[in-house]
Amino acid sequence: MIHAYKLGGYNIILDACSGSIHSVDDVAYEAICVRENIGTDDARKLLKSNFPEIRESEIDELLSDIDSLIEGGKLFALDNYSPIKTDKAPSLKALCMNVSHVCNMSCAYCFAGRGEYGGSEGLMSLETGKRAIDFLVENSAGRKMLDIDFFGGEPLLNWSVVKEIVRYARQVGKESGKEFRFTLTTNGLDIDEDVIEFSNREMYNVVLSLDGRDDVHNKHRVLPDGEGSYDAVLPKLKEIVESRDGKGYYIRGTFTPDNLDFVSDILHIADMGFKEISLEPSVAKPGSDFGFTKEDLPELFSQYELLAEQMLSRQREGRGFKFYHYTLDLSGGPCVHKRIAGCGVGTEYMAVTPNGKLYPCHQFVGDDEFVIGDVWRGIVNEGLRDKFDGVDIYSRADCKECWAKFFCSGGCAANAYNDTGVLNGIYEIGCELFKKRLECAIMMKVVGL
């Protein structure tokens, strides 16, 4: 299976199953496209007819090169990977610790229901936090590196407990031979010198919320009194990023149907000196004000192409920046198993609530149907875990013939469930946006700046 497209003045061929990428001229582009469905002799006749100015010997040489790529598994490679994924690794590698189901902001599009996940407010106790660390260590056989994401609500509202959990984990890590990497996800309102000092020492990464231009940010990321938060958070975000020497952070924002020109927000963030940027489309249940529709796709596609052009231009000028979805590692992973199985939701990765309940991930928190256990008793609902274990690109009918499946791994199970009601469905809007971003990312790799 190949995916052929034209973007940025380039003719690009992606071989889906081998991952090979070919940038070719017009003749080779048509030759490869037709060769998918017809043999060499018929392709030769067609090319002679369509390109009479090309010498017959050149066409023969081109078709010979294409046949060599096919024989070498670089074009029209077969999908022989389904036996590789049997079961996901049974051991945990990461926890999203919802240390706070309280928030000091009231963001309109928040999937967590303004921090409470459809329930009541609450802060994780140190006892529960320590037990969560123990649970992760006890269930991480065969793994040395473990990941913890402090999440909410707003985790800085429970900052003293966060710090003690980190200290406890460092101690347990020494005793058990484990290493921990910590991430802090925060809206930035309560960042102060203590947060900066401790985070710079202990946090592998900090994820900082900013939606872009002040009017865009202020429309949805509001304080409890309804006032916008842009002026309150921006100086603090700049301070912590500068203190980290511009490393180990992401500016992570959300765009909605209210700002379809979201590239302007990305460039605004970049113009303020932030170089690590992720701006995500809002995801909402059908009918919501924050859900995108198929009618939005042409404009969104145009915006992603514009972003690629702007990034390439700025890179040439020496003022480039990174966009999360255009960061593409074509040589170093992920491995085939991860490409098939995805993020490990419900098996390798789980979320812990303030009261110690376990969910497959933070996006399922609050739905009692998806309680998988708790940090004291462990995994109680093995059947639910097995369901997640069975979700991969080969369990999704819509993924089997998709050219992007080894890059998206089937997409987000939570988004698919919210959109279709089944775990192994697909969130169609998300799929289309992912494929456009992937096309742009590959084109930028082809440019090779």
Side-chain angles (χ1 to χ4, degrees), residues 88 92-98 101 103 107-119 147 149-153 183 185 207 209 252-256 278-288 290-292 324-325 334 338-353 357-373 379 381 383-399 402 404-405 407-435 437:
K88 294 177 183 174
L92 280 171
K93 66 175 183 180
L95 288 179
C96 178
M97 293 184 65
N98 283 17
H101 277 189
C103 194
C107 303
Y109 52 61
C110 182
F111 78 91
R114 294 175 168 85
E116 299 174 13
Y117 292 85
D147 290 294
D149 184 5
F150 292 110
F151 205 73
T183 295
T185 298
V207 181
S209 298
R252 197 281 188 200
T254 300
F255 69 89
T256 74
S278 174
L279 201 67
E280 307 286 339
S282 58
V283 178
K285 292 183 178 180
S288 166
F290 300 111
F292 290 97
Y324 177 78
H325 290 294
K338 292 301 296 179
R339 291 180 183 271
I340 295 171
C343 67
V345 54
T347 57
E348 300 172 308
Y349 167 83
M350 295 181 189
V352 185
T353 64
K357 286 184 179 180
L358 292 166
Y359 288 83
C361 86
H362 60 287
Q363 293 204 67
F364 287 103
V365 169
D367 189 337
D368 290 342
E369 180 183 352
F370 288 99
V371 176
I372 204 167
I379 306 301
N381 192 343
L384 179 59
R385 190 177 194 182
D386 290 342
K387 283 184 180 180
F388 280 94
D389 189 38
V391 174
D392 59 41
I393 60 174
Y394 296 109
S395 73
R396 294 177 165 99
D398 293 299
C399 293
C402 177
K405 64 184 178 183
F407 291 89
C408 76
S409 305
C412 173
N415 290 348
Y417 179 79
N418 289 331
D419 192 57
T420 67
V422 292
L423 290 175
N424 59 354
I426 63 166
Y427 171 46
E428 188 174 354
I429 297 295
C431 285
E432 294 303 315
L433 295 180
F434 182 92
K435 286 186 282 189
R437 292 190 298 252

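Source: prediction; values computed, not measured.
Counting only distance, with no hydrogens or angles, the side chain of Asp389 and the backbone of Arg385 share no donor-acceptor pair below 3.5 Å. Side-chain atoms of Arg252 do not come within 3.5 Å of backbone N or O of Ser209 as any donor-acceptor pair.
Atom CG in Asn415 sits 10.0 Å away from atom OG1 in Thr420 (nearest 0.5 Å). Taken to the nearest 0.5 Å, the NZ atom of Lys93 stands 8.5 Å off from the OG1 atom of Thr347. Distance check, rounded to the nearest 0.5 Å: CG of Leu92 to CD1 of Ile379 gives 6.5 Å. Separating the CE atom in Met350 from the CG atom in Leu95 is a distance of 8.5 Å, to the nearest 0.5 Å. Interatomic distance, CD1 of Ile393 versus CG of Asp398, reported as 13.0 Å (0.5 Å rounding). Considering CZ of Arg396 and CG of Leu423, their distance stands at 8.5 Å, rounded to 0.5 Å.
Residues Thr183 and Val207 have side chains in contact (heavy-atom distance under 4.5 Å, counting atoms from C-beta outward). Proximity of Pro281 to Phe255: side-chain heavy atoms (C-beta onward) are separated by under 4.5 Å at one or more points.
When all heavy atoms of Asn98 and Val365 are compared, the pair lying nearest together is ND2-CG2, 4.1 Å. Heavy atoms only, all atoms of each residue included: Tyr359 and Ile372 are closest at N-CG2, 4.1 Å. In terms of heavy atoms, Gly291 sits closest to Ala284 at N-CB, 3.8 Å. Nearest heavy atom pair, residue Ile429 against residue Phe292, reads CG1-O, 3.8 Å. In plain terms, the two heavy atoms of Lys435 and Ala404 that are nearest each other are CG-CB, 3.8 Å. Nearest heavy atoms, Cys361 versus Ala351: C-CB, 3.5 Å.
In this structure, Phe370 and Phe364 have tilted ring planes: the angle between them lies in the 30° to 60° band.
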(request) Could you please spell out the steps behind the side chain to side chain contact (heavy atoms under 4.5 Å, CB included) verdict for Gln363 and Tyr417? (result) CA-CA 10 Å; Gln363 293 204 67; Tyr417 179 79; over 6 Å; no

(message) Between Val371 and Leu358, does the side chain to side chain contact (heavy atoms under 4.5 Å, CB included) criterion hold? Intermediate values first, please.
(response) CA-CA 6 Å; Val371 176; Leu358 292 166; over 6 Å; no

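Partners of Phe290 according to the ring pair (Phe, Tyr, Trp, His ring centres under 6.0 Å) rule, which considers only residues two or more places apart in sequence or in another chain, are His220. Not counting sequence neighbours, the partners of Cys431 by the side chain to side chain contact (heavy atoms under 4.5 Å, CB included) test are Ile426.
By the 6.0 Å contact criterion, CD on Glu428 is open, its count of non-hydrogen atoms from other residues, nucleotides or ligands being 12 or less.
Counted by atom type alone, Asp149 and Thr185 present one or more donor-acceptor pairs between their side chains at under 3.5 Å.
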